[in-house]
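See structure below.
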Protein chains: 2
Amino acid sequence: MADGTTRDHIVKAADELFYRQGYEHTSFAHIADAVGISRGNFYHHFKTKDDILGAVIVERLANTREMLAQWESSNEHPFDRIRAFIHILIANRTEIMRHGCPVGTLCAELAKLEHASQAAANELFTLFRGWLGRQFTLLGREAEADALAMHLLASSQGVATLANTFRDTAFVEREVERMGAWLAAEVPQH
Amino acid sequence: MADGTTRDHIVKAADELFYRQGYEHTSFAHIADAVGISRGNFYHHFKTKDDILGAVIVERLANTREMLAQWESSNEHPFDRIRAFIHILIANRTEIMRHGCPVGTLCAELAKLEHASQAAANELFTLFRGWLGRQFTLLGREAEADALAMHLLASSQGVATLANTFRDTAFVEREVERMGAWLAAEVPQH
DNA sequence: GACATTTTAGGACGATTGTCCTAGTGAATT
DNA sequence: AATTCACTAGGACAATCGTCCTAAAATGTC
């Protein structure tokens, strides 16, 4: 993961391009141009395009795990941690309005392609699902923790999809506020 | 739209394939195999692949308009019409779990491709948005009608995305019930 | 300084892409 | 019966795809 090696440049460029234009629509030529290397050089670092996707997913999983672990190890209240998750929609709204949610759009594309890395990409969702579930458990909602986590995930996915379609900042802010109100209503004892 | 002509067979087959495997991943060869005609025959009916996509979107728009007009002309209560919209998630859950929402996934893909037909596809969402907004207006929520419509659209999109990822029927049913409860709470005077 | 290994550039490869041309079929019209 | 026209099949076309080979350059090791 150390920044500087050619391999890391490839993964980073592929990560961005897969997000912005989709996996299938991104060719070796696109990535090569972005990194500034020749096409033939790929084979030395990755045997196939699928391998690049695999490396991108591994990196995204690592980054997500690190982010969630950092949130979890902080001494913030679980309620505020969940609010931080919701706030991703605000922090990344420009990118989300342009290209949708990086997780949701990747999983949707790989599902259509019936791609072998589907399960690996879905694991990104599972990370958030498990993390959110743990926070709800800490808030005393253990019995429904997973259902609440899934509901919150679905809410943010829906907002991301429509934000991408209608490019409406006010809509995103309105829905984020609504999600905050929902959270406060579900966990009033915080 | 009359069923029987080769052109309609092409549009129908393309519609299904674009939904199941995505627009870009579907080639002329795929469609030709599905219809049972030769590849070279396409040019007589459609000049470009984009034209096929355009025809598919036109057909989807017409079908959607017809469905919504039928719902709107019925003497059902607007509350029950909205419940019918929510119930699409149940009626089509098998297909949605397999391939996601036809509208949401198409708009997401075209956004990544920066495709010229993006606006036309987004109009599909606008149809539902306007229709839902009118129902909420009829229910006396004129001031917030569009916001409520967008929220409901976002909810269904989120459910479709996660249903596609986790293929969990129970989750879909749970969220549909939740959406019904939300609707009843928003419009208690029905 | 001689050698071995890693990394690179450039291009060949077969397959597939969307597009387009041409010859020929069949039915309808005159 | 002759002519026209909508329709079809098959393949050519250049471009691009992912993959892979080879030779040179760069780097590290003794």
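Quick note: numbers below take in every heavy atom, side chains included, and nothing from hydrogens, waters or symmetry partners. Order of the sequence lines sets the chain letters (A, B, ...), proteins ahead of strands, with each chain counted from 1.
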From the options [options], select the nucleotide whose nearest atom is closest to the side chain of [X].
| X | options | value |
| --- | --- | --- |
| B/H30 | D/dC17, C/dT17, D/dT19 | C/dT17 |
| A/F28 | D/dG18, D/dA9, D/dC17 | D/dG18 |
| A/H44 | C/dT19, D/dT19, C/dT7 | C/dT7 |
| A/Y43 | D/dC20, C/dC20, C/dG10 | D/dC20 |

Which whole-number value in Å describes the distance from [X] [atom1] to [N] [atom2]?
| X | N | atom1 | atom2 | answer |
| --- | --- | --- | --- | --- |
| A/F46 | D/dT19 | CZ | C1' | 15 Å |
| B/I10 | D/dA9 | CD1 | P | 10 Å |
| A/I37 | C/dT6 | CD1 | P | 18 Å |
| A/D33 | D/dC17 | CG | P | 10 Å |
| A/F42 | C/dG10 | CZ | P | 14 Å |
| B/L17 | C/dT17 | CG | P | 13 Å |
| B/H9 | D/dC7 | NE2 | C1' | 15 Å |
| A/K47 | C/dT7 | NZ | C1' | 16 Å |

[N] phosphate, OP1 or OP2, under 4.0 Å from [X] side-chain N/O:
| X | N | value |
| --- | --- | --- |
| B/S38 | D/dG11 | no |
| A/H45 | C/dT8 | yes |
| B/S27 | C/dT17 | yes |
| B/N41 | D/dA9 | yes |

Q | Cation over ring face, B/R98 and B/Y19, 6.0 Å, 45° | A | no
Q. Do the numbers put A/K49 on top of the ring of A/Y23, so that NZ or CZ is under 6.0 Å from the six-membered ring centre and no more than 45° off the axis?
A. yes
Q.
Using a strict threshold of under 4.0 Å (side-chain N to carboxylate O), is an ion pair present between B/E95 and B/R20?
A. no
Q) Does the side chain of A/Q21 pick up a donor-acceptor pair with the side chain of B/E114 at under 3.5 Å? A) no
Q. A/G40 or A/A29: which one's nearest nucleotide on DNA chain D is closer to the 5' end?
A. A/A29
Q: Begin from the C-alpha positions of B/R141 and B/E144 and carry the test salt bridge (Lys or Arg N to Asp or Glu O under 4.0 Å) through to its verdict.
A: CA-CA 6 Å; B/R141 300 294 303 269; B/E144 320 89 349; 3.1 Å; yes
